[in-house]
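Within every chain, numbering begins at 1; the chains are lettered A, B, ... in the order of the sequence lines, protein sequences first and strands thereafter.
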Number of protein chains: 2
Amino acid sequence: MAIELRPAIALDLWHEATLALVRLEGHDLSLRQMAILLHVYLVPPPHTVRGLAATLCVTKPVITRALDTLGEMGFVTRVRDPVDGRNVIIKRTVEGALHAERIGDLIVAVGKRI
Amino acid sequence: MAIELRPAIALDLWHEATLALVRLEGHDLSLRQMAILLHVYLVPPPHTVRGLAATLCVTKPVITRALDTLGEMGFVTRVRDPVDGRNVIIKRTVEGALHAERIGDLIVAVGKRI
DNA sequence: CTAAAACGATACGGACCCGAAACAAGGGCT
DNA sequence: AGCCCTTGTTTCGGGTCCGTATCGTTTTAG
């Protein structure tokens, strides 16, 4: 299932996709926030603050604040873990799924245009 | 030359690439800065502040500040246009070319691993 | 039952970036 | 020369995000 990309094509793809995202959303999502969003929606749950911090190699407050922002946008929800009250489970939302899908479509469109 | 990407694969690719970039550089390059860097290195010169502002749909000060940052990192240089002293030509550097190439390699590596 | 550890959220000081407006410098035209 | 337009930079007030350290809650170990 590996994708064969020659370096020049890969860079072009990334270039156009980045450009499209910057134009589309201004500054709505930073690189980190996008990484968190996609990780939550593409990797099987459950997702915790600690786990996200580990996979992104950042500190926990970064994740907390990013989740605050993503929560305000309606892209994720936080629920306390019923079996271990210390954990917080990050839940997906319809809005967030739509946004992730939108990003995927954008990349597909860019790929077609190259 | 079009790349055929199914949405799920495209999202996975973008997800892994974003994750790798976040892990690699922490917060060195924002989405806008990366868009500027790639644009300068992938589109034939000359590049001006005004032109970049138009292609990114942002204001000129944004470009000026981003070029300040990219300049401090050694990724671009600014030279006044000899024929029209109002323009500033953005020049490439060896360091910047290496960094762009590094990003390309990273995406290729991610594509192979999926 | 008490002490230590784990997890997430918050306080704080500092750094960065934003957009609008004002500013300097260059060029074109009469 | 004088005026006006273009180009890029800087200033200003405001907002966001960072990392470290600390706090509150919950769980686990002794």
Side-chain angles (χ1 to χ4, degrees), chain A residues 18-19 21-40 45-92, chain B residues 18-19 21-40 45-92:
Chain A
T18 306
L19 225 56
L21 275 174
V22 168
R23 278 196 279 245
L24 180 61
E25 356 194 20
H27 206 94
D28 277 353
L29 282 190
S30 77
L31 211 61
R32 291 186 178 179
Q33 290 166 343
M34 187 150 39
I36 294 176
L37 180 75
L38 292 182
H39 195 78
V40 168
H47 297 285
T48 66
V49 173
R50 173 176 172 72
L52 288 174
T55 49
L56 293 208
C57 295
V58 295
T59 59
K60 285 187 291 177
V62 170
I63 304 295
T64 295
R65 283 184 293 251
L67 290 179
D68 288 344
T69 305
L70 290 175
E72 283 174 15
M73 296 176 180
F75 292 166
V76 295
T77 314
R78 275 178 279 195
V79 180
R80 228 164 240 289
D81 184 349
V83 312
D84 187 339
R86 290 172 298 182
N87 294 329
V88 165
I89 309 290
I90 290 97
K91 292 279 197 186
R92 304 171 181 172
Chain B
T18 305
L19 225 55
L21 276 174
V22 168
R23 277 196 280 245
L24 181 62
E25 359 194 17
H27 205 94
D28 278 352
L29 281 190
S30 77
L31 211 62
R32 290 186 178 180
Q33 290 166 344
M34 188 151 37
I36 293 176
L37 180 75
L38 293 182
H39 196 77
V40 167
H47 297 286
T48 65
V49 173
R50 175 176 172 71
L52 288 174
T55 50
L56 292 208
C57 293
V58 294
T59 59
K60 286 186 292 175
V62 171
I63 304 294
T64 294
R65 283 185 291 252
L67 290 178
D68 288 344
T69 305
L70 291 174
E72 281 174 16
M73 296 175 179
F75 292 165
V76 295
T77 314
R78 274 179 278 194
V79 180
R80 241 192 216 272
D81 186 350
V83 312
D84 186 340
R86 291 170 298 182
N87 294 329
V88 165
I89 308 290
I90 290 99
K91 291 281 196 184
R92 304 171 181 173

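Rounding to the nearest 0.5 Å places CZ of Arg65(B) at 10.0 Å from CD1 of Ile63(B).
The distance from atom CG of Asp81(B) to atom P of dG8(D) is 9 Å, rounded to the nearest whole Å. Between the P atom of dC17(D) and the CD1 atom of Ile36(A) lies a distance of 11 Å, rounded to the nearest Å. Rounded to whole Å, atom C1' of dC17(C) lies 16 Å from atom CG of Leu31(A). dG8(D) atom P lies 14 Å from atom CG of Leu56(B), rounded to whole Å. Straight-line distance from the CD1 atom of Ile89(B) to the P atom of dT9(D): 12 Å, rounded to whole Å.
The residue Val62(B) sits close only to the backbone: its heavy atoms come under 4.0 Å of sugar-phosphate atoms, none of a base.
For the pair Leu70(A) and Ile90(A), the minimum side-chain heavy-atom distance is 4.5 Å or more. For the pair Arg78(A) and Leu67(A), the minimum side-chain heavy-atom distance is below 4.5 Å. For the pair His47(A)/Ile36(A), no side-chain contact is recorded, criterion being any heavy-atom separation below 4.5 Å from C-beta on. By the 4.5 Å heavy-atom criterion applied to side chains, His39(A) and Leu52(A) are counted as neighbours. Side-chain contact between Val88(A) and Val79(A): absent, with no pair of heavy atoms (C-beta onward) separated by less than 4.5 Å.
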Query raised in the report: So Leu21(A) and Met34(A), side-chain contact (heavy atoms from CB on, under 4.5 Å) or not? Walk me through it.
Result: CA-CA 11 Å; Leu21(A) 275 174; Met34(A) 187 150 39; 4.0 Å; yes
Query - Under the 3.5 Å Watson-Crick or G-U criterion, the dot-bracket string of DNA chain D, with | for inter-strand pairs - result: ||||||||||||||||||||||||||||||
Query - Summary of protein contacts for nucleotides 4-12 of chain C, nucleotide by nucleotide, where a base hit scores B, a sugar-phosphate-only hit scores S (4.0 Å, heavy atoms) - result: --BSBSB--
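Remark: Arg92(A) pairs with no residue by the salt bridge (Lys or Arg N to Asp or Glu O under 4.0 Å) rule, at least two apart or across chains.
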